[in-house]
Amino acid sequence: MWWNAAGVFMEVRPLTPQIGAVVVGVDLRAPTDGDVESLHEALIDHLVVFVPAQDLDDAAQQRFAARLGEVEQFPFGEGGPPEAPDVHAIVTGGDAPKYSNADVWHSDATFMAEPPAVSILRAVELPPLGGDTLWASAHAAYDSLSSMVARLVDDMTATHSVAKSSAHRSPVHERFPPVQHPVVRTHPETGRRALFVNRNFTVRLDGVTERENEVLLPMLCDRFAQPDIQVRWRWSPGDVAIWDNRSTQHYATFDYAVRREMRRILLRGDRPVREGTK
Ligand code: SIN
C-alpha cells in the first residue's frame, strides 16, 4: 500500500495465493502515470485485478485502456460510439440471444495469430443474483501437470479456430483462418510458462492421432477447472476487471435469466511463443 501522486491511499489486496487482487484507491477516470504503472505491476503479479465501484462511461473506459496498452478492435460485434470505437457490449440474458460461449473456460480470441494480451471489462447492468465471473491461473494449470506430461506437451503446438465456438459462419471467419499456437507459452514479461489451450477455440493438438487428441486435449483443458487455482468475482455495477489473457482463462457463469450487460475493450498482444526455462 502507498500514497499515490494524487495523495490517495492506494492498496493492492491479494484474493488468493495463486490469482486475483483487488485494487483500491485509484480512479480510472484520471489515473496518474504512477497509478497506471502500479496497476500494470499488480496485473503482472496477480494475473487479474478488480477495481471496484468505478464511474466509467465508454469514453473513459477507452481512454483508460489506451493508457495501459495499445487498444485493438474486437473483430466481432459492434464498437462503441465515436469517442469509444473499441468498447464493445456483451449482453446476455433477458431478450438477448446467447452471445457467445463465455460460460466455457477460455482465453479471449485465441483464434487470432496475435491474441489480445489484456481484456478490460466493466459491469453495466447485472442480475440481482448470479452472473459472477471466474478466472484461473494458466501458470498454475501448467505447474499442476506431472513432469512427465509437462515434458510431453512442452514442445507441442495446437490448432485454434474461431469456427469451433460459433456455429453460424460470418464474413469475419474468413479473416481468421485456423492458427497454430504453442500448447505451453512463455509469458513475454515474466518468462513464466502457461498452459495455452482452451475449450472454446482449440480444435486439436498437432502431430498426434485423433484418438490421442480426444484424450489429451480435454485432459489439458480440464486443468483450469481446479478450484484452488481460481478466483471468483461477484460483480457490482461500475466494477472493472483487468486480466492478462497470456496467463489466465476465464468463465462467465450463465446462471441467471434477466439481462446482464458488460462492456469490454482489448489490448493488443503478440504472437505466443514457447521459450526460456522458468
Ligand atoms: C468474456 O468472456 O470476456 C466475458 C466475461 C463476462 O462477461 O463476465
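Count residues from 1 along the sequence. Since the model is a prediction, treat every value here as computed from it, not as a measurement. Both ligands and their constituent atoms are indexed starting at 1 by order of listing.
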Considering the heavy atoms of [X], write down every atom of ligand 1 situated less than 4.0 Å from one of them.
X: His106; answer: 2 (O)
X: Thr133; answer: 6 (C), 8 (O)
X: Ala252; answer: 5 (C), 6 (C), 7 (O), 8 (O)
X: Arg260; answer: 6 (C), 7 (O), 8 (O)
X: Arg264; answer: 1 (C), 3 (O)
X: Ala102; answer: 2 (O)

First locate atom CD of Glu114, then atom CD of Glu72, and finally report the distance between them rounded to the nearest 0.5 Å.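 Going from CD on Glu114 over to CD on Glu72, the span is 8.5 Å.
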Is the contact between Thr92 and ligand 1 made by the side chain, the backbone, both, or neither, using heavy atoms and a 4.0 Å cut-off?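 Thr92 to ligand 1: no contact under 4.0 Å from either part.
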So, is His250 polar-close to ligand 1, with some N/O to N/O distance under 3.5 Å?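 Among all N and O atoms of His250, at least one is under 3.5 Å from an N or O of ligand 1.
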In terms of side-chain heavy atoms, does Gln62 have a donor or acceptor partner in Asp86 at a distance below 3.5 Å?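 Their side chains do contain a donor-acceptor pair, which is all the 3.5 Å distance test asks for.
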If we count only N and O atoms by modelled type, under 3.5 Å, do the side chains of Asp154 and Tyr142 hold a donor and an acceptor together? yes
Do Arg122 and Asp58 pass the salt bridge (Lys or Arg N to Asp or Glu O under 4.0 Å) test, and can you show the C-alpha distance, the side-chain angles, and the key distance before you say yes or no? CA-CA 9 Å; Arg122 156 178 144 247; Asp58 290 347; 2.9 Å; yes
Work out whether the distance between some heavy atom of Trp243 and some atom of ligand 1 is less than 4.0 Å.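 Yes, Trp243 has a heavy atom closer than 4.0 Å to ligand 1.
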Should Glu210 and Arg204 count as an ion pair when the cut-off is N to O under 4.0 Å?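 Judged by the 4.0 Å cut-off on N to carboxylate O distance, Glu210 and Arg204 do form a salt bridge.
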Do Leu216 and Leu152 have side-chain heavy atoms sitting under 4.5 Å apart?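 The answer is yes, as the side chains (C-beta and beyond) meet within the 4.5 Å cut-off.
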Nearest neighbour of atom 4 (C) of ligand 1 from the list Asn200, Ile90, Val104, Val91, on a heavy-atom basis: Ile90
Between Arg67 and Asp35, does the salt bridge (Lys or Arg N to Asp or Glu O under 4.0 Å) criterion hold? Intermediate values first, please. CA-CA 10 Å; Arg67 297 281 304 280; Asp35 291 342; over 6 Å; no
